[in-house]
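Below is one structure; the comments refer to it alone.
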Amino acid sequence: MAPKKSASKILSLAPVLDLNEATTLHGKLMGLRGSNIVVDASAVERVGALCIQVLMAGAKSWEEDKQSFTFSKVSDAFTKTTQLIGVNIDHLIAKEI
């Protein structure tokens, strides 16, 4: 019998992800470790490179743990900032089947 997939937990990002928010974001991710995670970035108005680094490190950790790490929704500001700093998250965005 195949193991059941565990339900994904949702991480809703704050509208402003600046230097001060990076530690909080890291703590939230560590609290969700071991679970499949869906990131909702739809409310993000401004995001800094350090928070993007925290998210990408999280995605790498989830991959190593063989857990799912996807973005369900992303705002235009989030998309534009990741493109501006050269981070491609296309492979992490949930696709409709």
Partner set under side-chain hydrogen bond (donor to acceptor under 3.5 Å, both in side chains) for Asp65, not counting sequence neighbours:
Arg33
Derivation of the side-chain contact (heavy atoms from CB on, under 4.5 Å) call for Val87 and Leu55
CA-CA 11 Å; Val87 175; Leu55 289 167; over 6 Å; no
Does Ile10 CD1 have over 12 foreign heavy atoms under 6.0 Å away?
no
What pairs meet the ring pair (Phe, Tyr, Trp, His ring centres under 6.0 Å) rule with one or both residues in residues 8-33, with sequence neighbours excluded?
none
Residues joined to Val16 in its hydrophobic cluster, side chain to side chain under 4.5 Å directly or through other members, sorted by chain and number, are none
What are the two closest heavy atoms between Val38 and Ser8, and how far apart are they?
CG2-CB, 3.6 Å
Which pair of non-hydrogen atoms, one from Glu21 and one from Cys51, has the smallest distance, and what is that distance?
C-SG, 4.1 Å
What's the spacing between Ser68 OG and Ile37 CD1 if we round to 0.5 Å?
9.5 Å
Side-chain heavy atoms of Val44 within contact of Val74, under 4.5 Å:
no
Do Leu32 and Ile52 belong together in a cluster built from hydrophobic side chains that touch within less than 4.5 Å?
yes
Intermediate values then yes/no, side-chain contact (heavy atoms from CB on, under 4.5 Å), Leu11 and Phe71:
CA-CA 9 Å; Leu11 173 63; Phe71 286 85; over 6 Å; no
According to side-chain hydrogen bond (donor to acceptor under 3.5 Å, both in side chains), does anything in residues 73-86 pair up with another residue at least two apart or in another chain? List the pairs.
none
Using the ring of each side chain (for Trp, its six-membered ring), is Phe69 parallel, tilted or perpendicular to Trp62, with breaks at 30° and 60°?
perpendicular
When rounded to the nearest 0.5 Å, the distance separating NE2 of His91 from OG1 of Thr70 is 11.0 Å
Here the pair of heavy atoms bringing Asn88 nearest to Asp90 is OD1-N, 2.8 Å
Treat each ILVMFWY residue as a node, draw an edge where side-chain heavy atoms are under 4.5 Å apart, and state whether Leu17 and Met56 are in one component.
yes
Does Leu50 have any side-chain contact (heavy atoms from CB on, under 4.5 Å) partners at least two apart in sequence or in another chain, and if so, which?
Leu19, Ala22, Gln53
I'd like to know if Leu92 and Val54 are part of one continuous hydrophobic network [Ile/Leu/Val/Met/Phe/Trp/Tyr, side-chain heavy atoms within less than 4.5 Å].
yes
State plainly whether one hydrophobic cluster holds both Val47 and Ile93, where clusters connect Ile, Leu, Val, Met, Phe, Trp and Tyr through side-chain heavy atoms under 4.5 angstrom apart.
yes
Sort and list the pairs that fulfil salt bridge (charged side-chain N to carboxylate O under 4.0 Å, His left out) and have at least one residue in residues 36-53, not counting sequence neighbours.
none
